[in-house]
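Here the structure is laid out as structure tokens; the discussion comes afterwards.
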Amino acid sequence: DRLGVPSSEIIKKLFLKGQMLTINSPISFDLAEELAVEYDALVEEEEEIELEFGEKFALEVEDREEDLVERPPVITIMGHVDHGKTSLLDSIRASNVVSGEDGGITQKIGAYQIIKNGKKITFVDTPGHEAFTDMRARGAQVTDIAILVVAADDGVMPQTVEALSHAKAAGVPIIVAVNKIDKPEANPMKVKQELMEHGLISVEWGGDTEFVEVSAKKKLHLDDLLDTILITAEILELKANPKKRAKGVVLESKLDPKVGPVADVLIQEGTLKIGDVIVAGETYGKVRALLNDKGERIDVVGLSQPAEIIGFNQVPQAGDTIYVIQNEQHAKRIVEEVAKERKLAETSRKTITLESLSEQFEHENVKELNLILRADSRGSVDALKESLLKLSNDEVAVNIIQAAAGAITESDVKLAEVSNAIIIGFHVRPTTKAMKEAEEDGVEIRTSNIIYHITEEIEKALTGMLDPEF
Ligand code: GDP
């Protein structure tokens, strides 16, 4: 196509060179070059860069079925503040430390791994849905299963609802850990009922969400929770290829005055080794040392395993994908390329507005309008939700990602960013932080005190009749 030569001619040429090929046959770089010379064209070996970038340039190497092996599930814990996320992470870790190992567990490294019934489980140690969605906004999906912690003495709270929306938007299965059941005032039944209103129905009641009653403090039923995680993971059939060059995600990073840039990573594909040349975002380097979650030096890092890497030339950003590259020269070229692209992306960042979405409904194949709703009370949330859902037409469906009472938060903006949604506020305003974040991330917030104004605007947008701005 590029040469403007019919394929039959190329096939004939190849045939004369003794190559019996069809239009679908891949050919080597050398052969392509040999051909190109005959047409006075230049072939550049771009392939390597494209391969290294994986999804960025959409040219991932296909895994052979026989190379895929089971990998440990990666778990994130979310929930309302003070419901016990950190306590749960700590208790699970402490209960599953092999005796005599205790001395090593002070290491703080973004994630840790435990063994239960001979199977590994990885916990990402960044509790909270903001961190989770922050990662997603940067293109990194690290979680296989979300644990939603709800304190049995407190019930479903605003951030419980937020966390739930964030997990749902990411499409990860949710296990509910009803925590603090040691407390006399604990009411796990109430938690179940409240979550049912948000679409999480317990298996006992005919739904498909597992609820496990635990106490992080008294270490009660933590085994049940781990068993439930393993069963859920089994259904997901999580597999990856340990043979290929490693790929992972930077969870945290810092500059250590003694050893230089340090990155906590989670390996998602392949196996990382000492001496590997790596890139992550705009940084590159060579793996000088690897430490596991106990702070011990290791030589290789396997699937779903967290590790600390020393060897980057600069501090990579959390959420950056890390790739192992053939050689340093190559790595340098890639980070230059990334730096250029990021600069470009910064200047041409697209904003999601009702107007731009409306245009997409008209001209592109977009079939859903994603909305995040906030109103001053539960009652008005429901009223708003109901009137907006009614606006779905044959072409475009209104999809409500989250509907909650209270001010518009930063977390809503993050969720809107990753879901291509706009935020609607009824009788509420965004917090200052949310406003700033929305501006930075290019997310539109529309507020009004009249329901009719909101529904009218959305209806117009759905039919592609929106007047520019109101
Ligand atoms: P986070 O904000 O969700 O990370 O919550 P924390 O783990 O910091 O816990 C908040 C408070 O609840 C702390 O004072 C914990 O000691 C307490 N807590 C956590 N889990 C339990 C539990 O199972 N039972 C009781 N009684 N208290 C708990």
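Counting starts at 1 for both ligands and their atoms, following the listed order. Quick caveat, the model's predicted, so the values are computed rather than measured.
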For ligand 1, which atoms have a heavy atom of [X] less than 4.0 angstrom away?
X	value
S215	22 (C), 23 (O), 24 (N)
K183	26 (N)
H80	3 (O)

So, do V443 and D412 sit near enough that their side-chain heavy atoms are less than 4.5 Å apart?
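SC-SC contact between V443 and D412 ruled out.
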**Prompt:** Taking C-beta and beyond as the side chain, do T283 and D320 meet within less than 4.5 Å on heavy atoms?
**Reply:**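 Counting from C-beta outward, T283 and D320 never come under 4.5 Å.
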Starting from [atom], locate the nearest protein heavy atom and write down its residue, its atom name and how far away it is, to 0.1 Å.
atom	value
atom 4 (O) of ligand 1	T86 OG1, 2.6 Å
atom 23 (O) of ligand 1	A216 N, 2.9 Å
atom 2 (O) of ligand 1	D82 N, 2.8 Å
atom 16 (O) of ligand 1	S87 OG, 4.4 Å
atom 5 (O) of ligand 1	G84 N, 3.1 Å
atom 20 (N) of ligand 1	N179 ND2, 3.2 Å

Polar-atom distance check: [X] versus ligand 1, any N or O pair below 3.5 Å?
X	value
L88	no
V81	no
D182	yes

inquiry  = Does atom CD (E234) have a neighbourhood of more than 12 heavy atoms from anything else shown, all under 6.0 Å?
reply    =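 Check fails, neighbour count at 12 or below.
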Heavy atoms of other groups near K286 NZ, more than 12 under 6.0 Å:
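Count not over threshold, so no.
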- Message: With a 4.0 Å cut-off on N to O distance, would you call K414 and D441 a salt bridge?
- Response: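 Between D441 and K414 there is a salt bridge, with a charged N closer than 4.0 Å to a carboxylate O.
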- Message: With a 4.0 Å cut-off on N to O distance, would you call K254 and E252 a salt bridge?
- Response: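 Salt bridge flag = no for E252 with K254.
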| request: Using heavy-atom distances, let me know which of K180, M78, Q159, K217 sits nearest atom 17 (C) of ligand 1. | output: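 Checking each option, the heavy atom nearest atom 17 (C) of ligand 1 is found in K180.
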Problem - Check: E162/T409 side-chain N/O donor and acceptor closer than 3.5 Å - result: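 Yes, T409 and E162 have a side-chain donor paired with an acceptor closer than 3.5 Å.
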- Query: With distance as the sole criterion, is a donor-acceptor pair present between the side chains of H83 and N179 under 3.5 Å?
  - Reply: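 Note: H83 and N179 side chains miss the donor-acceptor criterion.
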### Query
Among K183, K190, K217, whose salt bridge (Lys or Arg N to Asp or Glu O under 4.0 Å) with D153 holds?
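The single option meeting the salt bridge (Lys or Arg N to Asp or Glu O under 4.0 Å) with D153 is K183.
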| message | Heavy-atom contact check, 4.0 Å cutoff: does K218 meet ligand 1? | response |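 So K218 does not count as touching ligand 1.
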Q | Under-4.0 Å protein heavy-atom contact, atom 14 (O) of ligand 1 | A |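 No; the ligand atom in question lacks any protein heavy-atom contact below 4.0 Å.
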Among H166, E437, Q159, K433, exactly one meets side chain to side chain donor-acceptor pair (under 3.5 Å) together with S411. Which residue is that?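 Among the candidates, only H166 passes.
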